[in-house]
Amino acid sequence: MLYFENDYSEGAHEKVLARLVETNMEQLSGYGMDPYSESAKEKIRRACDCPEADIYFLAGGTQTNQCVISSMLNPYEGVIAAESGHIGTHEAGAIENSGHKVITLPQENGKLSAETLADYLSSFYGDENHEHMVYPGMVYISHPTEYGTLYTKGELAELSDVCSEYGIPLYLDGARLGYGIAAKETDVTLPDVAEYCDVFYIGGTKVGALCGEAVVFTKENTPLHFVTRIKQRGALLAKGRLTGIQFDALFTEGLYFEISRNAIKTADRLKDIFREKGYEFYLDSPTNQIFIVLENSQMERLREKVIFSFWEKKDDTHTVVRFATSWATKMEDVENLAALL
């Protein structure tokens with residue numbers, strides 16, 4: 001079988017595994033209070049060009065979103081997201097389970113526009129009954145989005161300006177941030193993300209780590225007693241070294257960015273193959289997620305030899321599916337898939 005189901009099918013990059021093995025028998029303090037975690041934090045600060053950043057390592061994306069969002073919101077506040085946003089669709093109500101509403105707004109190709117956001121906030125505060133409503137307490141975006149699309153630097157700046165005007169933080173879900181930064185069409189860098197976002201996370205689970213996400217607070221705005229809040233939510237690893245060592249390896253000599261480029265390179269080749277063979281694209285994604293429309297019987301035949309993801313039903317006879325490449329995808333597998341299409 002060929003696997004193009006997601007970008008976390010493999011374990012971890014060999015350099016990450018090597019560092020875990022090399023340090024395995026060292027006796028280190030727990031809960032991330034070890035020298036490797038501190039080293040990783042300093043390397044991330046330099047990569048973000050944000051020396052004042054406050055950084056924490058968590059194990060997974062849903063856990064990270066729930067911890068960050070619920071810690072930054074007041075009890076009467078909710079979080080704004082695009083209607084396709086991950087926190088509102090595929091996180092099993094984790095945010096709502098924390099007592100906060102996900103306020104969904106219209107999106108275009110997975111993106112929330114500054115205009116849509118400003119219109120909503122203006123309407124909310126223009127409503128004389130807004131004290132009886134859930135207050136918008138922060139804005140959530142993902143980059144890349146759930147459709148593999150990317151915000152431009154200008155779009156991030158515009159969203160940041162609207163958030164600043166209303167005094168609410170902008171939070172960026174960076175589960176696939178490495179692939180977004182590696183995309184050829186982007187003008188967004190890691191320092192740009194740090195500049196325009198109040199908090200974001202750098203995804204490791206989908207970009208070369210066994211597990212792990214690095215939360216970055218950029219404006220000296222870390223919630224009070226954030227470590228305690230993480231533990232209260234069951235998310236504090238006693239062996240915090242496990243995430244710290246992995247990120248230390250990923251941010252040594254640019255490994256994180258180097259391996260991210262492999263996902264883009266193999267995805268670009270796969271897109272060329274789909275075009276050459278006349279397949280219909282659902283939308284144009286510049287990153288490692290490729291959305292193709294398949295006739296249902298064709299989809300079932302392909303499933304006999306290829307693993308890919310169902311995305312949504314287009315009509316009674318056609319389905320939108322997703323092919324994803326990763327840091328570990330081999331060009332050989334892409335060419336083998338080409339022979340089956």
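Values reported hereafter were calculated over all heavy atoms of this structure, with side chains retained and with hydrogens, waters and symmetry mates removed.
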Name all residues meeting the side chain to side chain donor-acceptor pair (under 3.5 Å) criterion together with Glu213; count only those two or more places apart in sequence or in a different chain, and write none if there are none. Thr205

Is the closest basic N to carboxylate O distance between Lys271 and Asp284 below 4.0 Å? no

Distance-minimising heavy-atom pair for Ser285 and Gly148: OG-O, 3.1 Å

Run the salt-bridge test on Lys314 and Glu280 with the 4.0 Å N-O cut-off and return the result as yes or no. yes

Any chance you could lay out the side chain to side chain contact (heavy atoms under 4.5 Å, CB included) test for Ile202 and Val193, step after step, and finish with the verdict? CA-CA 10 Å; Ile202 301 169; Val193 173; over 6 Å; no

For Arg233 and Arg229, indicate whether the former's side chain and the latter's backbone hold a donor-acceptor pair under 3.5 Å. yes

Mind running salt bridge (charged side-chain N to carboxylate O under 4.0 Å, His left out) on Asp333 and Lys330 for me, showing each step along the way? CA-CA 5 Å; Asp333 287 340; Lys330 296 179 177 63; 5.4 Å; no

Check Arg176 with Asp173, please: is the shortest side-chain N to carboxylate O separation under 4.0 Å? no

Give the minimum heavy-atom separation between Leu73 and Met138, together with the two atoms involved. CD2-CG, 3.7 Å

How far apart are the closest heavy atoms of Phe247 and Ala214, and which atoms are they? CZ-N, 3.6 Å

Which of parallel (below 30°), tilted (30 to 60°) and perpendicular (above 60°) describes Tyr166 and Tyr125? parallel

Taking all heavy atoms of Ala267 and all of Thr287, pick out the closest pair and write down the distance. CB-O, 3.7 Å

Take the angle between the ring planes of Phe124 and His130 and call it parallel below 30°, perpendicular above 60°, tilted in between. tilted

Give a yes or no on whether Lys219 atom NZ has more than 12 heavy-atom contacts from other residues, nucleotides or ligands under 6.0 Å away. yes

Strictly by modelled atom types, are Asp315 and His318 linked by a side-chain donor-acceptor pair under 3.5 Å? yes

Ring geometry between Tyr282 and Tyr147 (parallel below 30°, tilted from 30 to 60°, perpendicular above 60°): tilted

According to the interplanar angle, ranging from 0 to 90°, do the rings of Phe226 and Tyr56 count as parallel (below 30°), tilted (30 to 60°) or perpendicular (above 60°)? perpendicular

So, taking the atom named CZ in Phe310 and the one named CG in Leu294, what distance separates them when rounded to the nearest 0.5 Å? 11.5 Å

Smallest heavy-atom separation, Glu155 atom then Tyr151 atom, equals OE1-CA, 3.3 Å

Strictly below 4.0 Å, N to O, side chains only: are Asp192 and Lys153 in salt-bridge contact? yes

Suppose we screen for side chain to side chain donor-acceptor pair (under 3.5 Å). Which residues come up paired with Glu335, at least two apart in sequence or across chains? Arg269

Ignoring hydrogens and geometry, is there a side-chain-to-backbone donor-acceptor pair from Gln232 to Thr228 under 3.5 Å? no

